[in-house]
Amino acid sequence: MINSRSADSVIVLDFETTGLSPAQGDRAIEIGAVKLEHGQVVAHFQQLMNPGFRVSSFIENYTSISNNMLRTAPCCEDVMADFADFIGDANLVAHNASFDQRFLTAELDIIGRQYREQFACSMLIARRLYQHAPNHKLGTLVEYKHIHHDGVFHRALADSEMTARLWLTMIDDIKHQYGINDIPFSLMQKFAKTPKANINKVFC
DNA sequence: TGCCAGGCCCTCTTTAGGGCCTT
């Protein structure tokens with residue numbers, strides 16, 4: 001069963017998009033992902049994609065992805081077909097996963113594909129594990145945990161790499177804190193959804 | 001014209017409201 005797999009064998013992904021809501025017509029403009037097997041990076045995926053309309057100046061400034069860069073990029077449908085093949089039957093992780101899950105579902109719906117995998121949210125876990133962090137934005141958590149980064153933010157591959165390092169850091173911290181050797185993906189999902197008052201019961 | 005999401009979580013809560021996160 002997929003959920004019995006170890007939490008350190010997942011695909012960590014991040015979308016850059018034209019806005020916040022596919023229901024309002026927003027589309028993906030970049031996908032980045034890191035494949036982890038037993039805590040090691042074994043593959044990357046990164047691709048710009050042309051949403052079929054110009055992105056706003058806010059998005060150009062926020063992501064450093066310009067309309068000129070997108071003009072020659074392949075369309076979303078072609079990129080997402082390749083990405084669906086890349087994720088296969090892996091479990092998935094993203095920071096604020098509800099956002100990326102909405103776009104993944106919407107973009108795969110357009111090409112008649114589906115993902116069967118489970119999704120876990122690194123932000124929900126960080127809120128429980130690092131309750132004293134200044135906040136739980138990805139960039140803040142990377143600094144808070146002294147996680148290596150190259151200074152690039154709000155690009156899909158860079159953010160997915162940082163999220164992957166944060167994910168593995170949280171797994172290590174949970175292992176040390178609760179004295180366990182291996183954490184199933186399903187237990188991380190349970191941790192993410194458990195009320196803070198009860199989180200110590202999840203790994204005991 | 002003006003507006004525009006949504007799930008989670010906390011509290012001055014649960015017959016609600018608002019901040020946090022993502023682009």
Side-chain angles (χ1 to χ4, degrees), chain A residues 10-34 45-70 73 76 79-80 83 92-110 115 117-145 147 149 152-167 169-170 188-202:
Chain A
V10 297
I11 287 179
V12 185
L13 64 91
D14 181 72
F15 278 106
E16 304 303 317
T17 70
T18 65
L20 294 173
S21 173
Q24 299 292 319
D26 289 315
R27 298 293 303 270
I29 59 174
E30 188 179 42
I31 178 68
V34 175
F45 190 101
Q46 188 275 327
Q47 183 62 58
L48 290 169
M49 52 189 124
N50 188 331
F53 54 89
R54 292 180 63 81
V55 302
S56 67
S57 57
F58 171 81
I59 293 298
E60 283 189 309
N61 292 329
Y62 188 82
T63 64
S64 301
I65 298 171
S66 68
N67 280 293
N68 195 45
M69 292 163 67
L70 295 174
C76 296
V79 173
M80 291 307 300
F83 188 63
L92 305 177
V93 172
H95 199 69
N96 196 13
S98 65
F99 174 85
D100 293 279
Q101 189 169 17
R102 280 198 300 277
F103 276 94
L104 180 63
T105 300
E107 293 292 350
L108 291 182
D109 276 350
I110 290 172
Y115 70 100
E117 306 76 19
Q118 300 296 307
F119 230 122
C121 178
S122 56
M123 185 187 74
L124 294 181
I125 292 169
R127 279 178 174 172
R128 286 158 177 77
L129 197 58
Y130 306 135
Q131 297 186 25
H132 299 298
N135 59 58
H136 299 88
K137 296 177 182 177
L138 178 59
T140 301
L141 290 167
V142 165
E143 298 290 346
Y144 180 72
K145 292 303 295 180
I147 292 170
H149 64 85
V152 176
F153 294 92
H154 305 306
R155 287 298 300 269
L157 182 58
D159 282 4
S160 65
E161 287 174 334
M162 284 189 286
T163 303
R165 295 188 190 108
L166 173 63
W167 178 255
T169 298
M170 292 193 297
M188 293 293 275
Q189 285 185 304
K190 183 178 180 182
F191 188 75
K193 296 177 180 177
T194 299
K196 287 180 181 176
N198 297 330
I199 58 174
N200 284 331
K201 299 176 183 175
V202 174

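If you're wondering where the values come from, they're calculated on a predicted model, not measured in any experiment. Lettering follows sequence order; numbering is per chain, from 1.
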Using atom [atom1] in both nucleotides, what's the gap between [N] and [M] to the nearest angstrom?
N      : M      : atom1 : value
B:dG17 : B:dT1  : C1'   : 28 Å
B:dA5  : B:dT23 : C1'   : 11 Å
B:dT15 : B:dC20 : C1'   : 25 Å
B:dC3  : B:dC8  : C1'   : 24 Å
B:dC4  : B:dC12 : P     : 28 Å

Scanning both residues in full, the closest heavy-atom pair of A:Gly19 with A:Phe103 reads O-CZ, 3.5 Å

Looking at A:Ser122 and A:His95, what are the two nearest heavy atoms and their distance?
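Smallest interatomic distance, heavy atoms only, reads OG-ND1, 2.7 Å.
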
With a cut-off of 3.5 Å and sequence neighbours excluded, list every side-chain donor-acceptor pair involving residues 46-53 of chain A.
{"residue": "A:Gln46", "atom": "NE2", "partner": "A:Glu30", "partner atom": "OE2", "Å": "2.5"}
{"residue": "A:Asn50", "atom": "OD1", "partner": "A:Gly52", "partner atom": "N", "Å": "2.8"}
{"residue": "A:Asn50", "atom": "ND2", "partner": "A:Leu70", "partner atom": "O", "Å": "3.1"}

Rounding to a whole Å, what distance do you find between [X]:[atom1] and [N]:[atom2]?
X        : N      : atom1 : atom2 : value
A:Leu20  : B:dT23 : CG    : P     : 9 Å
A:His95  : B:dC8  : NE2   : P     : 15 Å
A:Phe99  : B:dT22 : CZ    : C1'   : 5 Å
A:Asp159 : B:dT22 : CG    : C1'   : 10 Å
A:Arg27  : B:dT22 : CZ    : P     : 23 Å
A:Gln131 : B:dC8  : CD    : P     : 18 Å
A:Lys193 : B:dG7  : NZ    : C1'   : 11 Å
A:Arg127 : B:dC21 : CZ    : P     : 5 Å

Checking all strands, does [X] fall into the base, sugar-phosphate, or nothing category for heavy-atom contacts under 4.0 angstrom?
X        : answer
A:Ala192 : sugar-phosphate
A:Thr18  : nothing
A:Asp14  : sugar-phosphate
A:Phe58  : base
A:Gln24  : base
A:Asp100 : nothing
A:Leu124 : sugar-phosphate

Are any of the side-chain nitrogens in A:Arg27 or A:Glu107 under 4.0 Å away from the carboxylate oxygens of its partner?
yes

Assuming nearest nucleotide by heavy-atom distance, tell me which of A:Ala23 and A:Tyr62 is located more 5' along DNA chain B.
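Its nearest nucleotide being more 5', the pick is A:Ala23.
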
Strictly below 4.0 Å: does A:Lys196 bring a side-chain N or O up to OP1 or OP2 of B:dC10?
yes

Examine B:dC21: is either OP1 or OP2 under 4.0 Å from a nitrogen or oxygen in the side chain of A:His136? Give yes or no.
yes

Side chain to side chain, A:Ile147 and A:Thr169, heavy atoms closer than 4.5 Å:
yes

Taking the side chain as every heavy atom from C-beta outward, state whether A:Tyr115 and A:Thr105 have any pair of such atoms under 4.5 Å apart.
yes

